[in-house]
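Since the structure comes first, as structure tokens, the remarks are kept for the end.
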Amino acid sequence: MRKQIVAGNWKMNLDAAQSQALIDNLQSKTFNDDVHVAIATPYVHLAAAVSQTAHSAIDVAAQNMHQAVSGAYTGEVSASMLKSIGVTTVILGHSERRAYFHETDALLAEKVNAALENDMQIIFCFGEELEDRKAGNHFDLVTSQLTNALFHLDVTSWNNIVLAYEPVWAIGTGETASPEQAQEMHAHIRTVLAGQYDDALAQRISILYGGSVKPSNANEIFAQQDVDGGLIGGASLNADDFTAIVNAF
Ligand code: PEP
């Protein structure tokens with residue numbers, strides 16, 4: 001059975017006290033034991049979040065990292081720095097990084113390599129813009145994002161990869177892909193993985209859906225055969241909503 005995962009992407013939200021309070025609140029909740037839960041806090045809260053969650057099953061992830069080992073990259077953070085404070089998971093390729101920070105597939109391939117060199121787990125995000133979907137290019141676009149950023153990897157490296165399909169038109173918009181649209185794309189992704197690698201790999205990779213997942217729609221989305229969980233933005237900032245989503249499986 002594939003790993004079921006619900007990860008919260010806090011983006012650039014919450015100060016230190018608010019972060020601590022949200023984690024306290026989450027730790028008072030009862031989560032479905034079968035679901036792996038992660039929260040991606042802003043960089044400045046990571047170390048505190050790691051120590052706060054030390055005795056709980058909540059994993060703490062970074063929202064980004066730089067591809068270089070170290071050096072003159074003012075404002076950036078490397079994989080080994082994250083590892084040194086106990087962060088072993090990183091989100092790469094989020095659509096906001098692609099859109100506002102001009103992250104290309106080629107750059108993301110470098111970031112993926114750097115994360116793997118440090119044996120980090122990667123939640124790799126990708127997805128089409130509205131124009132791509134309207135033009136009927138969404139399957140090809142997603143195939144090319146995966147090909148360009150990930151298909152240089154060998155089979156073993158995929159042990160560290162979780163995919164997160166996030167149609168850009170559904171992120172933070174209140175617009176959700178229908179469960180059928182999510183399932184159709186997730187099935188496509190498995191077909192592409194099977195073609196590039198083999199069926200065993202395609203069947204073992206967890207593929208999350210992201211884009212306006214809420215307590216009211218999580219159950220229907222997670223019920224789809226090829227959907228293994230969610231990457232949650234806005235709703236992850238509310239402990240009750242996030243818990244309801246984790247327990248929607
Ligand atoms: C996200 O940021 O990855 C996301 C899915 O955001 P939201 O849930 O707010 O659409």
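Order of appearance sets the numbers: ligands from 1, and atoms from 1 within every ligand.
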Examine ligand 1 and decide if any of its atoms is less than 4.0 Å from a heavy atom belonging to Ser212.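 Per 4.0 Å heavy-atom rule, Ser212 contacts ligand 1.
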So is Ser236 close enough to ligand 1, meaning a heavy atom under 4.0 angstrom away? no
Charged N to carboxylate O below 4.0 Å: is that the case for Arg98 and Glu103?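 Salt bridge flag = no for Glu103 with Arg98.
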Using a strict threshold of under 4.0 Å (side-chain N to carboxylate O), is an ion pair present between Asp198 and Arg190? no
Give the atoms of ligand 1, by number and element, whose distance to some non-hydrogen atom of [X] is under 4.0 Å.
{"X": "Gly211", "answer": "5 (C), 10 (O)"}
{"X": "Gly234", "answer": "7 (P), 8 (O), 9 (O)"}
{"X": "Gly172", "answer": "7 (P), 9 (O), 10 (O)"}
{"X": "Leu231", "answer": "3 (O), 5 (C)"}

Please list, one pair per line, the donor and acceptor atoms closer than 3.5 Å that link side chains of residues 115-124 to other protein atoms, with sequence neighbours excluded.
from: Asn118; atom 1: ND2; to: Ala114; atom 2: O; distance (Å): 3.0
from: Asp119; atom 1: OD1; to: Asn160; atom 2: ND2; distance (Å): 3.0

Aromatic contact, Tyr197 with Phe151 (centres under 6.0 Å): yes
Answer with side chain, backbone, both or neither: which part of Ala170 has a heavy atom less than 4.0 angstrom from an atom of ligand 1?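 Backbone only.
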Structural part of Asn9 in contact with ligand 1, heavy atom criterion under 4.0 angstrom: side chain
Aromatic plane relationship, Phe31 with Phe242 - under 30° parallel, 30 to 60° tilted, over 60° perpendicular: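 Correct class here is perpendicular.
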How close does the nearest protein non-hydrogen atom get to atom 1 (C) of ligand 1, and which residue and atom is it?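 Nearest neighbour among protein heavy atoms for atom 1 (C) of ligand 1, to 0.1 Å: His94 NE2, 3.2 Å.
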Protein heavy-atom partner closest to atom 4 (C) of ligand 1 - residue, atom, separation in Å: Gly233 N, 3.6 Å
Rounded to the nearest 0.5 Å, how far apart are CG of Asp226 and NE2 of His186?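 Going from the CG atom of Asp226 to the NE2 atom of His186 covers 8.0 Å.
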Is the shortest N/O to N/O distance between Gly210 and ligand 1 below 3.5 Å?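 There is no such contact.
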Thr41 pairs by side chain to side chain contact (heavy atoms under 4.5 Å, CB included) with which of Leu46, Asn9, Asn13? Leu46
One pair to check against side chain to side chain donor-acceptor pair (under 3.5 Å): His36 and Ser206. What are the steps and the verdict? CA-CA 11 Å; His36 182 85; Ser206 295; over 6 Å; no
Can you figure out which of Glu175, Lys214, Glu166 has its heavy atom closest to atom 3 (O) of ligand 1?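 Result: the heavy atom closest to atom 3 (O) of ligand 1 is in Glu166.
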